[in-house]
Amino acid sequence: MLDQRLLRENPELISQQLARRGVEVDLASLQAIALQERDCEQRRSELQAEGNRIGRQVGQLIQAGSAPGGPEVRALRDQGNAIKHQVAGLEEQEKALEQQIRAALSALPNLPSAEAPDGRCEADNVEIKRWGSPRVEEGLEEHWQIGERLGLFETERSVRIAQSRFITLIGDGARLERALINFMLDLHSAKGYREVMPPILVNSASLTGSGQLPKFAEESFRCADDDLWLTPTAEVPITALHRDELIPTEQLPLRYAAYTPCFRREAGSYGRDTRGLIRLHQFNKVELYWFCTPEQSAAAHQQITADAEAVLETLELPYRRIDLCTGDMGFSAARTFDLEVWLPGAGSYREISSCSVCNDFQARRSAIRFKEGKSTQLVHTLNGSGLAVGRTMAALLETGQQADGSVRLPAALAPYFGSDTISAV
RNA sequence: GGAGAGGUGGCCGAGUGGUCGAAGGCGCAGCACUGGAAAUGCUGUAUAGGGGCAACUCUAUCGAGGGUUCGAAUCCCUCCCUCUCCGCCA
């Protein structure tokens with residue numbers, strides 16, 4: 001959510017910055033509504049002040065011995081009643097205006113940061129770094145081929161259990177998934193991240209707080225009988241963890257690492273990535289999350305990205321870092337670095353982590369603040385996958401595949417998995 | 001699911017119609033005392049929005065929303081949540 005004050009004072013700035021994202025909005029009429037709302041509020045509070053004075057006067061008169069039904073008191077009562085009616089009318093107006101403003105503002109994405117590269121779509125993203133030496137031999141298998149051959153997961157039978165785009169990990173596949181989750185959490189914990197395991201059903205206030213609602217309702221699964229949704233990412237429950245809080249300043253930055261399953265409808269992706277672990281309705285993810293001060297957030301963005309990269313590097317997986325252009329960034333983000341892992345079988349880089357700084361956008365929606373001297377300020381929030389577990393497994397399978405059909409795992413994973421090789425059963 | 005109790009400031013806790021944004025305590029900050037500290041004393045210490053260069057000031061907020069009243073933390077209604085006991089349950 002954007003600042004209402006900014007809307008009143010400088011709507012052109014908002015329009016200008018949103019235009020960088022390809023969002024064209026004319027805020028003149030919304031600004032007019034916001035100004036009208038403020039006038040309304042001003043008049044209302046003046047009337048209320050008058051009403052309070054009258055109330056106090058009546059009390060004083062009665063305590064001084066004046067008859068409660070006498071003419072003096074009666075006159076004041078009439079005045080009080082008149083004011084009450086006026087206030088009620090203004091309040092109603094004010095509420096309607098406020099609702100309009102909120103509805104409009106909550107549908108607007110975050111302003112991009114100055115550093116984010118301008119652009120319209122994926123093609124305008126900027127690659128800023130490459131790490132590792134990708135395998136590029138001919139004839140490498142894709143991860144789903146390897147997985148099926150080694151019996152790591154069940155695709156067909158999972159449709160029986162749920163529907164398409166669900167997967168069942170089995171045997172070494174299930175074991176590897178668990179090993180990866182533990183490995184990632186340990187790595188992050190060692191760097192000072194605090195581990196959390198939040199609810200993965202969240203209410204709509206939580207989804208609104210992190211920016212998924214109201215615009216992206218069709219992306220999430222909802223429980224029909226309750227005001228509860230399946231989390232699309234741990235970012236949602238972690239943001240909500242501190243909703244409506246004033247965080248003691250000395251605690252900032254607060255850093256969390258959470259493993260959760262994530263659920264997404266993947267609407268509009270029919271026919272894409274239908275095989276294997278790349279695009280599923282349910283997948284596991286270890287998420288990194290920071291709450292920090294505005295001064296800390298730019299450096300924090302570099303750090304959270306580096307912490308995600310550390311997972312790839314420890315797993316010896318070649319990757320590149322992409323600076324997303326303004327047109328390709330998510331709703332709540334001010335700037336985003338995507339990490340793309342090299343998939344030797346597919347012969348392409350594939351997103352495996354998305355590290356975003358949201359500035360005060362989510363904090364304003366969620367009312368998460370801290371004290372700076374006497375004034376209260378909104379915190380900045382950041383999130384980054386560290387990493388998407390299923391895609392990590394896909395990368396490991398394709399990267400570690402050997403001529404004899406087995407898969408060699410990186411040394412760092414062996415203690416977690418219990419072996420450095422996956423072979424056919 | 002059944003029965004009961006309760007939701008007040010960062011925390012604990014008083015407050016059943018009139019100057020209560022709210023006693024008292026804890027915590028925190030500043031000052032004093034001290035060689036330094038502890039202890040003690042004094043002072044200050046909510047959030048949101050509006051106005052003002054500022055000192056400051058106005059409004060709202062005692063779980064949420066309605067209602068009664070000139071006036072509500074206090075009375076009435078609805079809802080939400082928490083706790084205790086019983087039942088059920090991993």
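By convention in this document, chain letters (A, B, ...) are assigned in the order of the sequence lines, proteins followed by strands, and residues within each chain are numbered from 1. These numbers were taken from a predicted model, which means no experiment stands behind them.
A/R74 comes within 4.0 angstrom of no nucleic acid atom, judged by non-hydrogen atoms across all strands. Within the 4.0 angstrom heavy-atom criterion, no nucleotide atom of any strand lies near A/D78. Among the atoms of the strands shown, base atoms are found under 4.0 Å from some heavy atom of A/Q60.
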Mind running salt bridge (charged side-chain N to carboxylate O under 4.0 Å, His left out) on A/E50 and A/R53 for me, showing each step along the way? CA-CA 5 Å; A/E50 178 62 18; A/R53 266 194 296 280; 2.7 Å; yes
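Aromatic ring centres of A/Y256 and A/H242: separated by under 6.0 Å. Aromatic ring centres of A/F361 and A/F331: separated by under 6.0 Å.
Using a 30° and 60° split on the angle between ring planes, A/F221 and A/F166 fall in the tilted class, from 30° to 60°.
Rounded to whole angstrom, the span from the CG atom of A/N203 across to the P atom of B/C79 amounts to 20 Å. What separates CZ of A/R243 from P of B/G63 is a distance of 19 Å, to the nearest Å. For the pair A/I62 CD1 and B/G71 P, the interatomic distance rounds to 12 Å; values are reported in whole Å. Summarising the geometry, the separation between CG on A/L90 and P on B/U59 is reported as 15 Å, rounded to the nearest angstrom. Straight-line distance from the CD atom of A/E37 to the C1' atom of B/U59: 13 Å, rounded to whole Å. Atom CG in A/L228 sits roughly 14 Å away from atom P in B/C80 (whole-Å rounding). Straight-line distance from the CZ atom of A/R77 to the P atom of B/C70: 6 Å, rounded to whole Å. The distance between atom CD of A/Q251 and atom C1' of B/G10, rounded to the nearest whole Å, is 11 Å.
Annotation: B/U57 and B/G44 have their P atoms spaced 15 Å apart (nearest Å). Spacing of P atoms, B/C79 relative to B/C11, comes out at 28 Å, to the nearest Å. Rounded to a whole angstrom, the distance from the P atom of B/G1 to that of B/G15 is 34 Å. Comparing the C1' positions of B/C70 and B/G17 gives a spacing of 12 Å, expressed to the nearest Å. Nucleotides B/A64 and B/C56, compared at atom P, are 29 Å apart to the nearest Å. If you take atom C1' in B/G63 and the same atom in B/A5, they sit 16 Å apart, rounded to whole Å. Using atom C1' as the reference point in both B/A3 and B/U74, the two lie 28 Å apart (nearest Å). Across B/G41 and B/C26, the matching P atoms stand 9 Å from one another, rounded to whole Å.
Across all strands shown, B/A60 forms a Watson-Crick or G-U wobble pair, both distances under 3.5 Å, with B/U47. The nucleotide B/G87 finds no pairing partner, because no Watson-Crick or G-U wobble arrangement with both distances shorter than 3.5 Å includes it. Figure legend. B/A14 is base-paired to no nucleotide; pairs are counted as Watson-Crick or G-U wobble with both atom distances under 3.5 Å. Nucleotide B/C81 has B/G6 as its partner under the Watson-Crick or G-U criteria, with both atom distances under 3.5 Å. Summarising the base pairing, B/A54 is matched to no nucleotide, lacking a Watson-Crick or G-U wobble pair whose two defining distances lie under 3.5 Å. Taking a pair to require two hydrogen-bonding distances under 3.5 Å in either a Watson-Crick or a G-U wobble arrangement, B/U40 pairs with B/A32. The partner of B/A23, taking Watson-Crick or G-U wobble pairs whose two distances both stay under 3.5 Å, does not exist in any strand shown. Judged by Watson-Crick or G-U wobble contacts below 3.5 Å, the nucleotide B/U74 has no partner.
Under 4.0 angstrom from either OP1 or OP2 of B/C70 there lies no side-chain N or O belonging to A/N52. Residue A/K84 has no polar side-chain atom (N or O) positioned under 4.0 Å from OP1 or OP2 of B/U68.
Comment: A/R149 engages A/E141 in a salt bridge, judged by a side-chain N to carboxylate O separation of less than 4.0 angstrom. Salt-bridge annotation for A/R391 and A/D273: absent, with no side-chain N of the basic residue lying under 4.0 Å from a carboxylate O of the acidic one.
In this structure, the separation between OH on A/Y289 and OG1 on A/T239 is 2.5 Å, given to the nearest 0.5 Å. For the atom pair CG (A/L13) and CG (A/L18), the distance works out to 9.0 Å, reported to the nearest 0.5 Å.
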Would you mind building the protein contact string for nucleotides 48-55 of chain B? One character per nucleotide, 5' to 3', B for base within reach (heavy atoms under 4.0 Å), S for sugar-phosphate only, - for untouched. SBSS----
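Of all nucleotides listed (B/U59, B/G66, B/C70), B/G66 comes nearest to the side chain of A/K95. With B/G66, B/U59, B/C70 as the candidates, the nucleotide lying closest to the side chain of A/N81 is B/C70. In this structure, the nucleotide among B/U19, B/A60, B/C70 sitting nearest to the side chain of A/R56 is B/U19.
With A/Q4 as the partner, the side-chain hydrogen bond (donor to acceptor under 3.5 Å, both in side chains) test is satisfied by one option alone out of A/E98, A/E37, A/E9: A/E98.
Of the two residues contacting RNA chain B, namely A/Q57 and A/E50, the nearest-nucleotide position lying further toward the 5' end is that of A/Q57.
The number of heavy atoms from other shown groups lying within 6.0 Å of NZ (A/K95) does not exceed 12.
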